[in-house]
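To start, the structure itself, in structure tokens.
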Protein chains: 2
Amino acid sequence: MSKRNIDLKEQLNNSSYKLTGQRQAIMDLLTENNSEHLSADEIYKMLSEKNTGIGIATVYRTLSMLEKLKLITKINIDDGCVRYQLSDPRSEHEHHHLICECCGCIQDIKDDLLESLEKQVLVENGFHVYNHKVKFYGICKKCYIE
Amino acid sequence: MSKRNIDLKEQLNNSSYKLTGQRQAIMDLLTENNSEHLSADEIYKMLSEKNTGIGIATVYRTLSMLEKLKLITKINIDDGCVRYQLSDPRSEHEHHHLICECCGCIQDIKDDLLESLEKQVLVENGFHVYNHKVKFYGICKKCYIE
DNA sequence: CTTAGTGCAAAACATTTGCAAACCA
DNA sequence: TGGTTTGCAAATGTTTTGCACTAAG
């Protein structure tokens, strides 16, 4: 059992949620495939292949709960469904995403370089920024070379 | 008729689309309510109140066409539907959005201050950025004061 | 035990599509 | 007139919900 799964159990207990096999299985899947940015349907299909008998409603309810606990984060790349990624426990801010318009791959960059921009937003707009989501669209290294 | 509507007619002719009353009405609505970031359903309901008889399918088809022509731009604030905004003809890049988690308002900021970050992304990840979408979440001036 | 969690099926939305009728160029 | 465009309704795809059953604490 990985370190991250122990976190799950603690988090659920702290929030008076129960640890069930289904929730564990979904969290495991997200942990093992974090770079895939899985959607609810993809998770459901992967669990079905393992004959876990977990229903699609449970997948949606679990993802919603995990997001409420800030263990995972929504990402939306306008492909018709919401995708999820483990939250970065070291950062209050989210990953930034590089979305390749050629092959559709999604890379993460973890830099948090928007602080000066956020300060400017506060000064110019009086808007207090707590979080941001940044997506860069372009061509990834692999596609660019080929 | 506003300057922007003349642009629409030109754009449609240039792309061998026909200018119809429905397309004009939808573009007018978007122009008059640009700061509202309207969704397809909101546009449909507003047109229905005016008894224009425009169908929801036409709204979706028109929005899709206008986006293809780069006259409008999708924005997604994870509220269950896609919203649209007039493209800024002076900028190849999109508006950034300030989304208030208190009152739900969406403000635009037009600054294009991510260029140094994009350069860094190219150097560190070999990713060629063509466009970006940035959303800042926080508390707007009005909510912060009240 | 007792309440929260689950699977199933139906419902609810957002969006897309097929098609005959209407309309622009 | 002839090919687009439209409205309608049906279809699609994603997500949510009601409910009886199950299981965690």
Side-chain angles (χ1 to χ4, degrees), chain A residues 5-6 8-29 37-69 71-84, chain B residues 5 8-29 37-69 71-72 74-84:
Chain A
N5 294 334
I6 294 167
L8 172 64
K9 187 172 184 182
E10 283 176 20
Q11 291 286 339
L12 293 182
N13 288 339
N14 290 344
S15 310
S16 68
Y17 287 112
K18 295 177 179 177
L19 178 61
T20 65
Q22 290 89 333
R23 288 172 177 175
Q24 184 72 69
I26 291 168
M27 193 64 187
D28 285 350
L29 209 59
H37 310 89
L38 298 176
S39 67
D41 193 58
E42 286 168 354
I43 292 169
Y44 172 67
K45 289 207 170 75
M46 290 169 82
L47 292 171
S48 296
E49 282 172 16
K50 294 182 178 180
N51 294 315
T52 55
I54 295 177
I56 186 78
T58 298
V59 175
Y60 278 103
R61 283 185 285 229
T62 300
L63 290 172
S64 170
M65 181 204 67
L66 292 174
E67 202 210 356
K68 217 169 277 170
L69 296 178
L71 295 176
I72 62 175
T73 306
K74 268 186 192 173
I75 53 180
N76 195 318
I77 58 164
D78 288 326
D79 69 341
C81 62
V82 175
R83 296 177 174 280
Y84 291 90
Chain B
N5 294 336
L8 172 64
K9 188 171 183 183
E10 282 175 20
Q11 291 287 339
L12 294 182
N13 288 340
N14 291 344
S15 310
S16 68
Y17 288 112
K18 294 178 179 177
L19 178 61
T20 65
Q22 291 90 332
R23 288 171 176 176
Q24 182 74 67
I26 291 168
M27 193 64 188
D28 285 350
L29 208 60
H37 309 89
L38 298 175
S39 67
D41 193 58
E42 286 168 352
I43 292 169
Y44 172 68
K45 290 207 170 74
M46 290 169 82
L47 292 171
S48 296
E49 283 173 14
K50 294 182 177 179
N51 294 317
T52 54
I54 294 176
I56 187 77
T58 299
V59 174
Y60 277 104
R61 282 186 285 228
T62 300
L63 290 172
S64 171
M65 181 204 68
L66 292 174
E67 203 210 356
K68 217 169 276 169
L69 296 178
L71 295 177
I72 63 176
K74 267 186 192 172
I75 53 180
N76 194 317
I77 58 165
D78 289 325
D79 69 342
C81 61
V82 174
R83 296 176 173 281
Y84 290 90

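Chain naming here is simple, since letters A, B, ... match the order of the sequence lines and numbering starts at 1 in each. The structure presented is a predicted model; accordingly, all values stated were derived computationally and were not measured. Scope of the values below: all heavy atoms of this structure, side chains included, with no hydrogens, waters or symmetry mates.
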Atom CD1 of B:Ile56 and atom P of D:dT5: how far apart are they, to the nearest Å? 19 Å
Result for 5'-nearest mapping on DNA chain C, choosing between B:Val82 and A:Thr58, is A:Thr58
Spacing between B:Ile54 atom CD1 and D:dC8 atom P, to the nearest angstrom: 11 Å
A:Leu12 atom CG is separated from D:dA23 atom C1', nearest whole Å, by 15 Å
Just N and O in the side chain of B:Tyr60: are any of them under 4.0 Å from OP1 or OP2 of C:dT16? no
From C-beta outward on B:Cys81, which listed nucleotide comes closest to its side chain: C:dA14, D:dG25, D:dT5? C:dA14
Candidate nucleotides D:dG25, D:dT15, D:dT6, ranked by approach to the side chain of A:Leu19 - the nearest: D:dG25
Return the 5'-most residue of the pair B:Thr20, A:Ser16 with respect to DNA chain C, ranking by each residue's nearest nucleotide. A:Ser16
To the nearest angstrom, how far is B:Leu63 atom CG from C:dT16 atom C1'? 13 Å
Is B:Gly80 touching bases, backbone alone, or none of the nucleic acid, heavy atoms closer than 4.0 Å? sugar-phosphate
Whole angstrom value for the distance that separates P of D:dT16 from NZ of A:Lys68: 10 Å
Without placing hydrogens or testing angles, list every side-chain donor-acceptor pair under 3.5 Å for residues 50-65 of chain A, not counting sequence neighbours.
from: A:Thr52; atom 1: OG1; to: A:Leu47; atom 2: O; distance (Å): 2.9
from: A:Thr62; atom 1: OG1; to: A:Thr58; atom 2: O; distance (Å): 2.8

Distance from A:Arg83 atom CZ to A:Ile72 atom CD1, nearest 0.5 Å? 13.0 Å
Looking at A:Leu71 and A:Met27, what are the two nearest heavy atoms and their distance? CB-CE, 4.4 Å
Give the rounded distance in Å between these two atoms: CD of A:Gln24 and P of D:dG25. 11 Å
The nucleotide from C:dT17, D:dT5, C:dT16 with an atom nearest the side chain of B:Tyr17 is D:dT5
Check B:Asp78 against B:Asn76 and note the closest heavy-atom contact, atom names and distance. N-OD1, 2.9 Å
To the side chain of B:Gln22, which of D:dT6, C:dG5, D:dG2 is closest? D:dT6
By nearest atom, which of the nucleotides C:dT6, C:dT17, D:dT15 is closest to the B:Arg61 side chain? C:dT17
In whole angstroms, how far is the P atom of C:dA14 from the NZ atom of B:Lys45? 7 Å
Here the distance between atom P of D:dT14 and atom CG of B:Asn76, to the nearest Å, is 15 Å
Just so I know, are the side chains of B:His37 and B:Tyr84 near enough to count as touching, which here means a heavy-atom distance under 4.5 Å? no
